[in-house]
Amino acid sequence: MNKIRKIILLLSATIVISVIGSQLLTVKAEASQNGRSVKQIKKAGEIKIAVFGDLKPYGWVDKNGKRQGYDIELAKQIAKDLGVKVKYVQVNANARVDALNSGKVDLALANFTVTPEREKVIDFAKPYMKVSIGVASKKTNLITKVSQLDGKNLIVNKGTTAETYFTKNYTKANLLKFDSKTQQFAALKDGRADAITDDNSYLFAWVKSHSDYQVGIKKLGTQSYVSPGIQKGNKSLLTWTNSEINRLNQSNFFEKDYNKTLAPFFGDDVKSSDITITK
Amino acid sequence: MSEHLIEVRNLNKFYGKKKVLDEINVTIPKNKVTVLLGPSGSGKSTMIRTFNGLEPFNSGTITLFGETIAANNKKQWAIIQTRIGMVFQSYDLFPNMTVIKNILLGPLKVQKRSREEVIKKARDLLKEVGLEDYENAYPRELSGGQKQRVAIVRALILNPELMLFDEVTASLDPEMVRGILDILKNLANQNLTMVIVTHEMNFARQVADKVIFLENGKIIEQGDGQSFFENPTTKRAEAFLESMSF
Amino acid sequence: MQILAISTIFEGNNLLRLLSGLFVTIEISVISIFIGTVLGLILGSLWTTGNHLIQPFFKLYLEIFRVVPTIPLLFLFYYIFPRNLNINLSSMQVSILVFSLWFAAEFSDIVRGAIQSISKNQRENAYTIGLSMFQTYRYVLVPQSIPNILPAFINLSTRIIKTTSILLLISVTDVITVGQQIIEANAQDTLVPLLIYALIALFYFLINFLLSQLSQRLERKFRKYE
Amino acid sequence: MSWAYIQQAMPDYIKAFWLRLKLSTIGIAGAVLVGIVAAFIIYYKIPGHRIILSYIEIARNTPLLIQLFFIYYGLPITGIKIPAQQTAIIGLVFLGGAYMSDAFLGGLRAVPKIQIESGRAIGLSTFQLSRFVVFPQGFIFSLPALAANVIFLIKETSIFTVIAIPEITNTTLDLIGQNYRTNEYLLMMVSSYAVILIPLSVFLSWIERRIRYANFGN
């Protein structure tokens, strides 16, 4: 009796230790200071890409657990052209830069808007989408001018260009800062704030499935561009991605991507040319 | 006199500035019973505890089994100490183990003896002390006297060449004391070398081959048991004996 | 509407995904608790041997992990150290590392307290029958402190399991991350969030509740000799 | 490391620091209150103690994060909408009350039976017994667990970030997301926790030592 118990104990200990061992021994020291080159990625047979998991229709997970969206289509295409598999790393907006710079991912395809501040810390490849900041609110209490936000509660997502805009250019609104898209939209629906600000493109998509809301302010600030983010100094991957985007533009990939992933979610007030970049 | 098992030379021990053992020079004869006597706080317990390394000392030497140990040599003690058994006033068995496991721990884990041999020996010893029915009991189920008997068995099973008893009856009920003392007497008759700290004067008188009398950490008198009790040479010993026999 | 919301859970492989997210939570917890227990036992025991050389380091380690909340620790090990030390751990490995070290720190203190409260006589008894230092801990001190350690051990374990809920911040696909994905995929149904969060709460509750029931049983068993 | 960023973020951190202090003070005070009441109800087996026991099991065995999610994002569907700061305090009191009642209960149970019997012998009522005998002694015994809980609960406030309360973790994650100076902001975050928690932790070991000696008299 005692012996059996000892054997079981020993066995389970062995299993646990081997699991731990395999977990800890796979510590990889492959990431250099500048990230993995295209050659290294190809050799590893896998590219790690940061995506959103809760941003319909750009990067989200459907009911079968499959990742879907505009960014995901691009990720798949890039992996295909590199001849490797994709490993998705789900991130929140404010973790994108750190995920790149700590080598957790090779590429960020997470609605990453190019800004001067970001360009100081990471590299951007050529843009694949146009975007500006928008503000959505309830139809019954529609916000159409920024001045209407004075002293009102405004929902932002941490680490987005919309947040930066309202922190630097217009400071009279009271910002509620959330970590994830799920949380920010949930808070809006619960009526925790008067309006939400984020990239206009997915505000358009969101209001389409929430008919009592409307994008009252369609464009704020200047037109911005969304690009793949790459760790600072990773020349090899940057060059490759730039030529990849050129290639995809020539083959009308982005328009097809738009029609497949975005069009079903957008209202009539958005056209393919509002989002994609043809040149 | 016969051969000495322990020889203590110029032993000193301090607690902070207080000198608790002061220039101790004693010998413990082999195969005899030595009793340490003295009033409370005289240093008896401290002294007996230096004999197996439990109590480190500041200067001097102890020679046991022909090997000389200087102050605080832990490695030397670790080897020699296994030849010495000890029983304390507080009969602390290991509460997480049954009686038999308490007894077997030393011989099996330290001495690596064969299980069958040790179990047989343990049962013999338990029978000798009248506890043959208690081998699977936990310590909490035993009385103080019974626990103390198990503690003695636990020490004896290691086949010690020297046994130290530090006031083993002091915290027992009076009716338990006799049984324990009988066991000790029995051991004395088997020519085991023993050092006993006790306040039981009648018992001491019966078993002591040698008496060491201490006061304030100093040896006042040491010598033959019978002559100590009948004819103490110092006034202090005389006074002590008087105070103890009312 | 309500039926619709409940069916969301069984739709596609939602339930399976939630469970696999839960498994990640359990895996991280179990491995961390295991490593943390072993390490904590060793450290806590070492502390009571009175080795003054290691005590300052031990104390520093203990205070750091006791005082700094888990979120900054996770960020430190996930984002900062890779950049500065050039080692790259996956989010699972980082979680296990941080949770193990945290568990070990708090657990070692519990072990220390329990061992120190065992009377000195027990050590002396062990010494007189010739047990080595290791044997004294192995057979006498550690077994005797288990009944006193157990409640605190379980308390700490449930806290570790609960804290895995913040792993969504470093991209671990745990049960909450999956829950949010499902909520997002069913954004038009307002009851879904309530349901998913209730379900996740139920998962956590069941694990921790069973654990504390188990501990009460074990404690009773261990205390039977007292 | 850039000093300029640290300086620039200082006002935000000071604000966040006070907010956290406020929320944790109210939350922990509430938790202590709930804990004391719950502990006494269980100790004397007052009717309803089973409900209290279930509350403790539920509060202790589910993560604060989920509790907050549930209150903040889940409840509004049923028409109950509680603002973020109140949600945070409710969550902390709910979770902390369970842990605190455990601490107090442990303390109460450590009071020797003879004390209660002698109290009864001189004719004290249950309330008087609690007020003059059981609580004062039990409180001392529960101090180490209580202090440990305070540290634990203060650390838990970092989870408030998920309901957009601009406390220290939220501010840190936000600043990192905006300015990408992770090292600086994490340093500030850790130090602002250390400012409160290190003295507390030292205090904890101090009372633990005192109680150990008081208990065993050596």
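Just so it is clear: chains get the letters A, B, ... in the order the sequence lines come, proteins before strands, and each one is counted from 1.
No donor-acceptor pair under 3.5 Å is formed between the side chain of A:Arg192 and the backbone N or O of D:Tyr73.
Only the side chain of D:Phe69 comes within contact range of chain A, with at least one heavy atom under 4.5 Å from a heavy atom of that chain. Looking at A:Arg96, there are no atoms closer than 4.5 Å to chain D (heavy atoms on both sides), in backbone or side chain. Contact of A:Lys120 with chain D is not made at all, since no heavy-atom distance falls under 4.5 Å. With a threshold of 4.5 angstrom between heavy atoms, A:Thr182 does not approach chain D through any atom at all. Residue D:Ile80 does not touch chain A at all, counting heavy-atom pairs closer than 4.5 Å. Within the 4.5 angstrom heavy-atom criterion, no atom of A:Ala93 approaches chain D. Heavy-atom distances place the side chain of A:Asp98, and not its backbone, under 4.5 Å from chain D.
A 4.5 Å side-chain heavy-atom check between A:Lys177 and D:Gln178 finds at least one atom pair inside the cut-off.
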Using residues 20-35 of chain D as the side-chain source, report each donor-acceptor pair under 3.5 Å to any protein atom, sequence neighbours left out, with the distance given to one decimal.
| from | atom 1 | to | atom 2 | distance (Å) |
| --- | --- | --- | --- | --- |
| D:Arg20 | NH2 | D:Ser192 | O | 3.2 |
| D:Lys22 | NZ | D:Gln85 | OE1 | 3.2 |
| D:Ser24 | OG | D:Arg20 | O | 2.4 |
| D:Thr25 | OG1 | D:Leu21 | O | 2.4 |

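Crowding of D:Ile51 atom CD1: a count of heavy atoms from other residues, nucleotides or ligands under 6.0 Å not exceeding 12. Residue D:Lys15 places its NZ atom among 12 or fewer non-hydrogen atoms of other residues, nucleotides or ligands, all under 6.0 Å distant. Annotation for D:Phe203: atom CZ does not count as buried by contact number, only 12 or fewer foreign heavy atoms lying within 6.0 Å. Open room surrounds NZ on A:Lys126; 12 or fewer heavy atoms of other groups in view lie less than 6.0 Å from it. Heavy-atom neighbours of A:Lys235 NZ from other residues, nucleotides or ligands within 6.0 Å: at or below the threshold of 12.
Of the inter-residue distances, the one linking A:Asn94 atom CG with D:Tyr180 atom OH reads 9.5 Å to the nearest 0.5 angstrom.
The residue among A:Ile155, A:Val121, A:Leu176, A:Asn92 with the most heavy atom pairs within less than 4.5 Å of chain D is A:Val121. Heavy-atom pairs under 4.5 Å with chain A were tallied for D:Asn179, D:Leu75, D:Ile82; the largest tally goes to D:Ile82.
Legend: residues meeting side chain to side chain donor-acceptor pair (under 3.5 Å) with D:Gln8, ordered by chain and number and at least two apart, are absent.
Within the structure, no pair that satisfies the salt bridge (Lys or Arg N to Asp or Glu O under 4.0 Å) test touches residues 208-217 of chain A, not counting sequence neighbours.
By a heavy-atom distance cut of under 4.5 Å, D:Thr161, D:Val162, D:Ile163, D:Ala164, D:Asn170, D:Leu173, D:Asp174, D:Ile176, D:Gly177 are the residues of residues 152-177 of chain D near chain A, going up by number.
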